[in-house]
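Here is the structure we will look at, set down as structure tokens.
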2 protein chains.
Amino acid sequence: MELNFGTNSLDNFCSDQDGLSLKPLRCPAPFLLKTYDLLEEGSEEKDGIKIVSWNEEGNGFVVWSPAEFSELILPRYFKHNNFSSFIRQLNTYGFKKTSSKIWEFKHEKFQKGCRHMLVEINRKKCEPSVFPQYLKSCSEENAMTSSSVEESINNHEILMEENKNLKKERLELQMQIAECKALEMKLLDCLSQYMDTSQNKVRRL
Amino acid sequence: MELNFGTNSLDNFCSDQDGLSLKPLRCPAPFLLKTYDLLEEGSEEKDGIKIVSWNEEGNGFVVWSPAEFSELILPRYFKHNNFSSFIRQLNTYGFKKTSSKIWEFKHEKFQKGCRHMLVEINRKKCEPSVFPQYLKSCSEENAMTSSSVEESINNHEILMEENKNLKKERLELQMQIAECKALEMKLLDCLSQYMDTSQNKVRRL
DNA sequence: GGGAATATTCCC
DNA sequence: GGGAATATTCCC
């Protein structure tokens, strides 16, 4: 079974140590904590050969032996033993592979001795571009060489599929709009605050 | 580690048995297959006491002993040993708890001896409540019962109409988003200009 | 029970 | 590398 590393909570707020002032403190994502801890918890070795470690500069890490890493390390920290799933997560959090020769990964905010910086690493949101590719949902099935009944059923299914996709797309667009509106509010808020501040500044002078 | 049950693929299409006609066949979701198999693979017992089994009528199943079920059964089929995660999945797929006294669950399409019916069980889609749900109605009409030719034509026209409207709506939403983005740009511009201006003002004073 | 975030898988 | 579906977790 999986080890438990203190913070398993999925939300990003923790209570303060003193238990009184409940100022919301950000917690790093579980994936980041586990990956960091995995590097700190002893230089992982097998038969005297390093499996995974921080790099020389301490500003990245190297998986020296992906096979051993997947088999021995991953299942101790995650619910799987697939190297590719681990990579997928690294990408999700914006890590970059630095070399085509070795499995070295870097992220500006992922550095040896800087566990506190992990909070600044954010999961990438999937933000569709302003005009999404509605070309994708277009159905391009030509294989209707059978009787007209089948054909009609087939057409029906294609229509249903397209319909379903359109509804999904609509929802996504509506959510995008909501996000835009939220951002507008923030900007307006920011603008008005700025105006206040600088007016005061002028007044004081 | 987890057992592997034939179909682990996450997409819902399988190739035909004969390997020639590649008509897409739906595969049940992994969760459903595992839950079904878990019930078929021997009456799970511990010390002569049933842990989980089909109910009398074979139209549902009962977790007789949640503690043993979580500890012994779940990790053999899933990547966890949490009863509540299992329940969460059941809810996601539309199962209903039938009693407040025992952990019995039913789904119309989940019946003993009917593994093939699992394909008809669909995951509930999460539609955020922020927006009006005037889209919730049409999703699962497969059963064209009797003199279905006229009906099918009728349905077809309705679908076409709905489809057309959806595309129109999409365009409108995309335009709304474009406007939002433009406004955002203006606001940002305004903000930066304002900052410049007021800094200059301060400098002059 | 279900919304929503993160994790894992599969596919392009 | 990343999109998208399903799985798992956490919270209300």
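The figures here come from the full heavy-atom set of this structure, side chains too, leaving out hydrogens, waters and symmetry mates. What you are looking at is a predicted structure, and each value in this text was computed from that prediction instead of being measured. All chains are named by letter (A, B, ...) in the order of the sequence lines, taking the proteins before the strands, and each is independently numbered beginning at 1.
- B:Glu104 and B:Asn55 form a side-chain donor-acceptor contact under 3.5 Å, judged by distance and modelled atom types alone.
- The CG atom of B:Leu74 sits 14 Å away from the P atom of D:dA7 (whole-angstrom rounding).
- Counting only N and O atoms by type, the side chains of B:Glu41 and B:Tyr36 include no donor and acceptor under 3.5 Å apart.
- If you look at B:Trp103 and B:Phe83, their ring centroids are closer than 6.0 Å.
- Nucleotide C:dG2 holds its C1' atom 13 Å from the CG atom of B:Leu90, rounded to whole Å.
- What separates CD of A:Gln89 from C1' of C:dA5 is a distance of 12 Å, to the nearest Å.
- In this structure, B:Arg123 atom CZ and C:dG3 atom P are separated by 12 Å, rounded to whole Å.
- Interface residues of residues 102-111 of chain B facing DNA chain D, ordered by number: none; criterion, heavy-atom separation under 4.0 Å.
- Between B:His80 atom NE2 and D:dC10 atom C1' the separation is 14 Å, expressed in whole Å.
- If you take CZ of B:Phe78 and P of D:dA7, they are 8 Å apart, rounded to a whole angstrom.
- Proximity note for A:Arg88 (side chain, C-beta onward) versus D:dG3, C:dA7, C:dG1: the nearest is D:dG3.
- A straight line from CD1 of B:Ile87 to C1' of C:dG3 spans 18 Å, rounded to a whole angstrom.
- Applying the 4.0 Å criterion to OP1 and OP2 of C:dT9, one finds that A:Asn82 has a side-chain N or O inside that range.
- In this model, the phosphate group of D:dA7 is approached by a side-chain N or O of B:Tyr93 to a distance below 4.0 Å at OP1 or OP2.
- A close approach under 4.0 Å does not occur between any side-chain nitrogen or oxygen of A:Lys79 and OP1 or OP2 of D:dA7.
- Between A:Lys97 and D:dG1 there is no side-chain polar atom (N or O) within less than 4.0 angstrom of OP1 or OP2.
- Using the six-membered ring where Trp is involved, B:Phe95 and B:Phe31 have ring planes that are perpendicular, over 60° apart on the 30 and 60° scheme.
- Atom CZ in B:Phe31 sits roughly 9 Å away from atom P in D:dT8 (whole-Å rounding).
- Remark: of the listed residues A:Tyr93, A:Phe105, A:Phe61, A:Phe61 is the sole one forming a ring-ring contact (aromatic ring centres under 6.0 Å, His included) with A:Phe110.
- Between the side chains of A:Trp54 and A:Glu40, at least one donor-acceptor pair of N or O atoms lies under 3.5 Å.
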